[in-house]
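Right, one structure below, let's go through it.
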Amino acid sequence: MARGHAARQPPRNSTRSGFAQARGKSNNPKIPAPRQKTIRRGNFARRKRARAFSFTSRAANFTGFDMRKIAAFIIAGALAASAFASVPAGAEDAPKRAFQGQWITSAEFANAEPVNVFHRQYDFESGKRVLEKSKALQNRHTLFRGEFFLDELPKDARLFFSADDYAKIYVNGKFAAQGPAPGYFFHYLYCEADVSKLLRRGKNVVAIHSYYQGLINRVWVSGDMRSGVICDLVCDGKTVLKTGESWKCAPHTGISSAGKAGYDTQFLENYDAGAPEAGFEQPGFDDSKWCAASLLKNPQYKLFPSPLPPLEFEEVAPAEIRRNGKGKIFIDFGAMYVGYFSMSAEGKKSDKIELRFGQELNPDGSVRHKLRANCDYREHFTLSGNGRDELRQFDYKSFRYAEIIQPESGTAEVDESSIKLIARHMPFRIAAKNRYENNARARKVWDLCVRTLRYGAQEQIQDCMEREKGYYLGDGCCSMLAWCLLNGDFAHRRRSAHKLHQRGARHVRKLLLHAGNRGVPADDVCPAPRLGGARRQQGVRPRTPRRFQKNSGFLQGKLRRRRRVSVKPRQVVRRGMAQPMARRIRRRHQRGRSLRDKTQCDQRM
């Protein structure tokens, strides 16, 4: 900091305000403060306050920092970290399979015209147009079934599939896979699953539960009127099943909306076990009344193999189950998890069981189902009256506590031994070590951070599991760097860098150039802009825009507005110093100073 004179301190007067004491003799703010003596040694408390004020001034100066540089720093971190991965970021660009199957869908989506959902965040007219068009079809659960025969069991059986927005695959009544991770139609992902252990001789059935959400959010690229599935089953190198018009199709009427959660993030689910589609995944299910699947008209998908491993699932038993009064069952799973609630019950037809989920408890000990994240986790489970019914939820939630409220009739009976939580997360193997393992308090912080990363990574690094459930650049840098350090897995990092490349490499390149960031191999991930590419190859640096040049009036004005109080290391700063006085000190110290210390904009750009 620059040297200068400090103000002499007047004797402290407890009858006057701190503002008046800072000015010395008068409460009149127009009277300037007298000069004070610079303290060079002694009076440790005053120098400590001066250093604290200097720190806050620097922090305030950082908050006013150019957001372009902050964004460029985050992007540079994402690009630089991806360069250290063992596989290049663009390794997934080469498609490895040409599907023999066709994109199939329901009749309502077969001839639907795709909607362009891409628009600027604050372009309200375009946003309103997109929202109105997306409301036509929302929250659609569609079922598909395909059959094939095997004379002998194959040594290797691979299922290749993709779906828009999402799908769960069952083979002979058993869960096989789900996916894919969110993506754009011009670079969509397909998944691969080993189903060798699920096949049998004779008749085999593949059942698909596909979902189209139709909301405009960061969970999926939905609302674009694109929905469908594609699938190939390859046994010992031969395709034995592929999607086409021979497949059966029907809407799933057993799942209905229980309202929206978060920032229009997901539809909560009411599940009716008495719907005719219940048990559709079983080989003996009667699908004779289903219609034939429709081929998707002019599919525009470009399919690429998913760079991510499949999700892992674990069954979590309740840590505590107790009955709170008549017809109420309280469940505590011991910690926060991300996944699905599962249970079984018996009762009369149309008996409705209310389910509440939460992350906290109310003062009376009940589950706080109205989360702080704008989510009201309250759903219903309707019984069929045909014996034991199993709850089948499609979308996941983040919760620790659950509460089951049985109907007042008392005819429904819950099987407490069947209550469990099916948690989901990406494969997570800790490779790092906690150097403070012997410290109990530090170990608690470590465990909390590890659990947050373990269950906070689904098909992508997400900001949270309930409100947005979406991907943000900040989470892709901070959380993902911690992810890479903990388990040494760079798959998420490579995919994030590739998605950043898709979203507009030219704009990222300009941002890096304008911010003056050097040493980042941006050309390794983001190609250079077309304009000026030849000149750059000849060694000529691109011209810096006028507004970012050192002597531009625009930049000088911004710097003048951003300057903060510059406090000398040994200057006395008293409590109660008012903002006008601070501005006066700021102007005095800044007067006559050159601009070379205030900007890092490089003329060499």
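Every heavy atom of this structure was used, including side-chain atoms; hydrogens, water molecules and symmetry mates were not.
Contacts of Cys191 classified as side chain to side chain contact (heavy atoms under 4.5 Å, CB included), with partners at least two apart in sequence or in another chain: Phe161, Pro180.
By the 4.5 Å heavy-atom criterion applied to side chains, Ser398 and Gln359 are counted as neighbours.
The ring-ring contact (aromatic ring centres under 6.0 Å, His included) test with Tyr188 is passed by exactly one of Phe304, Phe99, Tyr301, Trp220: Tyr301. Screening Asp165, Asp164, Asn217 for a side chain to side chain donor-acceptor pair (under 3.5 Å) involving Ser222 leaves a single residue, Asp165.
Aromatic ring orientation, Tyr166 versus Phe394: perpendicular (interplanar angle above 60°, classes split at 30° and 60°). Ring geometry, Tyr271 versus Phe381: the interplanar angle falls from 30° to 60°, so the pair is classed tilted.
Between the side chain of Thr239 and the main chain of Leu241, no donor-acceptor pair closer than 3.5 Å is present. Listed for the Asp236 side chain is no donor-acceptor partner under 3.5 Å among the backbone atoms of Pro154. In this structure, the side chain of Asn172 engages the main chain of Leu198 through a donor-acceptor pair within 3.5 Å. Counting only distance, with no hydrogens or angles, the side chain of Asp232 and the backbone of Gly101 share a donor-acceptor pair below 3.5 Å. In terms of modelled atom types and a separation under 3.5 Å, the side chain of Trp247 and the main chain of Lys242 share a donor-acceptor contact. Using modelled atom types, no side-chain atom of Arg140 and backbone atom of Tyr211 make a donor-acceptor pair closer than 3.5 Å. With hydrogens and angles disregarded, no donor-acceptor distance shorter than 3.5 Å links the side chain of Thr142 to the backbone of Ser210. Not one N or O on the side chain of Ser246 forms a donor-acceptor pair closer than 3.5 Å with the backbone of Gly244. Here the side chain of Asp264 pairs no donor or acceptor atom with the backbone of Lys260 at under 3.5 angstrom. The closest donor-acceptor contact from the side chain of Gln178 to the backbone of Phe175 lies at 3.5 Å or more, if one exists at all.
Between atom CD of residue Gln100 and atom SG of residue Cys231 there is a gap of 11.5 Å, rounded to the nearest 0.5 Å.
The aromatic ring centroids of Tyr401 and Phe357 lie 6.0 Å or more from each other.
Applying the salt bridge (charged side-chain N to carboxylate O under 4.0 Å, His left out) test to residues at least two apart or on different chains, the pairs with a partner in residues 404-421 are Glu315-Lys420, Arg323-Glu416, Arg388-Asp415.
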Step-by-step salt bridge (Lys or Arg N to Asp or Glu O under 4.0 Å) determination, Arg392 to Glu277: CA-CA 12 Å; Arg392 306 293 295 272; Glu277 294 81 20; over 6 Å; no
Decide yes or no on side chain to side chain donor-acceptor pair (under 3.5 Å) for His209 and His141, but give the supporting numbers first. CA-CA 7 Å; His209 182 173; His141 292 264; 3.0 Å; yes
